[in-house]
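Contents: one structure, followed by commentary.
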Amino acid sequence: MCTVGVVLGGVAPEHEVSIISALQAAAALDRERYTPVPLYIAKDGTWYTGDALLEVDTYRDLDALRDAATPVALHPGGYGTLRVVEVPPESRWERLRRPPLRRDIDVMLLGLHGGPGEDGSVQGLCEAMGVPYTGSGVLGSAVGMDKGLSKQLCQQAGIPVVDFVTLRDNDWAGREDEQLTRCLDTLGLPLIVKPARLGSSIGIARADTRAALDAAIEDALRYDDKVIVEKAVSDLREINCSVLGTPTESTASVLEEPVPSAEEDVLSFQDKYMRESDNNAGGTKTGGPEGMASLDRIIPAELDDATTASIQEMAVQIFQLFECAGVARIDFMIDRATGTVYFNEINTIPGSFSFYLWEPSGIPFDELMHRTIQAAQQRFTEARGRIRTYDVNLLSERSLSGLKGSKG
Ligand SMILES: Nc1ncnc2c1ncn2[C@@H]1O[C@H](COP(=O)(O)OP(=O)(O)O)[C@@H](O)[C@H]1O
Ligand SMILES: [Mg+2]
């Protein structure tokens with residue numbers, strides 16, 4: 001039996017969305033193989049465990065949650081395990097009354113969205129702790145989180161992206177007019193402005209005038225010190241494709257076309273997570289909001305076979321380019337006017353693990369999680385197979401005599 005640390009919550013705006021995605025995944029785990037242990041990162045950064053954290057209702061009252069859950073610290077547990085240990089209670093009596101809770105985790109199932117959970121930070125923590133973790137590694141997670149670097153990487157690989165410029169806080173302050181002119185001269189109007197490393201449409205705005213562009217950049221810079229200004233695709237169709245596997249062996253799912261609500265021109269946070277759904281994709285219900293699975297969408301997207309195949313092929317190429325693993329979702333934009341397909345962004349931990357795209361692709365949710373965990377274990381084993389330290393102590397007496405004061 002494999003103990004799976006299901007990591008959820010996190011210090012990011014998508015905290016609640018993460019809870020939904022991760023609980024869906026925990027519920028889908030094949031209990032013959034896996035035992036889920038929830039590891040909840042509260043908004044203040046404290047880590048908790050406890051069986052109640054597998055129930056969505058526990059998250060409705062955060063004060064009650066703190067009573068029901070146990071704060072924990074992480075310790076490297078030896079080869080391939082992470083030891084989760086209860087933080088000692090304040091009271092001496094409590095400390096003496098019972099031994100501290102301790103769990104050994106064999107693999108971390110990262111169900112965090114946005115922020116440190118998706119940008120490589122928590123992935124790096126798992127690397128340093130020596131425990132396998134699901135999804136992409138530090139590199140793919142970090143590059144994938146940055147909309148500017150992602151576009152540059154794709155552009156270099158010959159994948160179309162809309163024209164864009166990157167703007168940093170220190171380029172902007174005091175040189176606003178010059179920067180506005182630069183954006184308008186290189187890109188024209190209308191434009192879309194985005195914080196470079198956020199998600200869920202937060203801080204994203206469309207600009208049809210110079211004044212609107214000014215306001216949009218000011219606003220986006222409140223969220224991130226790096227901002228992307230890009231050409232707006234006026235007659236837009238959005239198409240998403242999930243990819244599952246390892247950097248060398250990966251397959252694409254069926255395509256989805258998310259549908260924005262009538263009154264908005266960009267898919268909003270509301271559209272993505274808070275819309276009352278009457279045609280949701282089904283699957284595992286958590287009794288609460290349904291996360292990405294509740295967005296109105298057409299699955300499979302109504303595209304001709306050739307376009308479908310070429311988007312799937314591009315998605316796999318991008319997954320491998322970013323050295324992704326587990327399950328990711330790559331989002332494209334089609335310009336209806338020209339038929340051009342552009343890479344828009346990559347989500348290395350997609351909402352609801354994209355299960356609603358894998359079920360119609362013939363891979364049920366339990367199998368999706370099984371393959372994701374297997375990919376994590378495979379990467380871990382392969383990395384351990386390489387030489388990482390030398391079995392010679394350069395600080396031993398004998399070695400030191402030849403080493404004095406030189407770095408060689
Ligand atoms: N270049 C663009 N032209 C038109 N609409 C866009 C463009 N870029 C983004 N959008 C709209 O904004 C939404 C959010 O942008 P996206 O880049 O996907 O960021 P997020 O990480 O917040 O999802 C998209 O789903 C789309 O509706
Ligand atoms: Mg998006």
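Order of appearance sets the numbers: ligands from 1, and atoms from 1 within every ligand. We use all heavy atoms of the structure for the numbers below, so side chains are in, but hydrogens, waters and symmetry mates are not.
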[X] neighbourhood, listing ligand 1 atoms whose heavy-atom distance to it stays under 4.0 Å:
X	value
Leu236	4 (C), 5 (N)
Glu230	1 (N), 2 (C), 7 (C), 8 (N)
Asn344	16 (P), 17 (O), 18 (O)
Leu198	21 (O)

(message) I'd like to know if Asp331 contacts ligand 1, where contact means a heavy-atom distance under 4.0 Å to any ligand atom.
(response)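 No, Asp331 has no heavy atoms under 4.0 Å from ligand 1.
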[atom1] of [X]: more than 12 outside heavy atoms within 6.0 angstrom?
X	atom1	result
Glu249	CD	no
Asp51	CG	no
Arg336	CZ	yes

(message) Distance check below 2.8 Å: does Glu345 bring an N, O or S atom to the Mg ion (ligand 2)?
(response) yes
(request) Could you say whether the N/O atoms of Met333 and ligand 1 ever approach to under 3.5 Å? (result)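 There is no such contact.
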(message) Looking at non-hydrogen atoms alone, which of Glu238, Lys194, Arg206 comes nearest to atom 9 (C) of ligand 1?
(response)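 Result: the heavy atom closest to atom 9 (C) of ligand 1 is in Lys194.
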(request) Compute both the distance and the angle, then confirm whether Arg379 meets the cation-pi test with Tyr133: under 6.0 Å from the six-membered ring centre, within 45 degrees of the axis. (result)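 Because its charged atom sits under 6.0 Å from the ring centre and within 45° of the axis, Arg379 does stack over Tyr133.
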(request) Kindly say whether Glu14 contributes a backbone atom to a donor-acceptor pair with the side chain of His113 at under 3.5 angstrom? (result)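 No, His113 side chain to Glu14 backbone: no donor-acceptor pair under 3.5 Å.
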(message) One residue to check: Ser200. Relative to ligand 1, which of side chain, backbone, both or neither has a non-hydrogen atom less than 4.0 Å away?
(response) backbone
(request) Using a strict cut-off of less than 4.0 Å between a Lys/Arg side-chain nitrogen and an Asp/Glu carboxylate oxygen, indicate whether Arg60 and Asp57 qualify as a salt bridge. (result)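 Salt bridge present between Arg60 and Asp57.
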(request) Please work out which of the three classes, parallel, tilted or perpendicular, describes the rings of Tyr34 and His370, given edges at 30° and 60°. (result)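 Tilted: the ring planes of His370 and Tyr34 meet at 30° to 60°.
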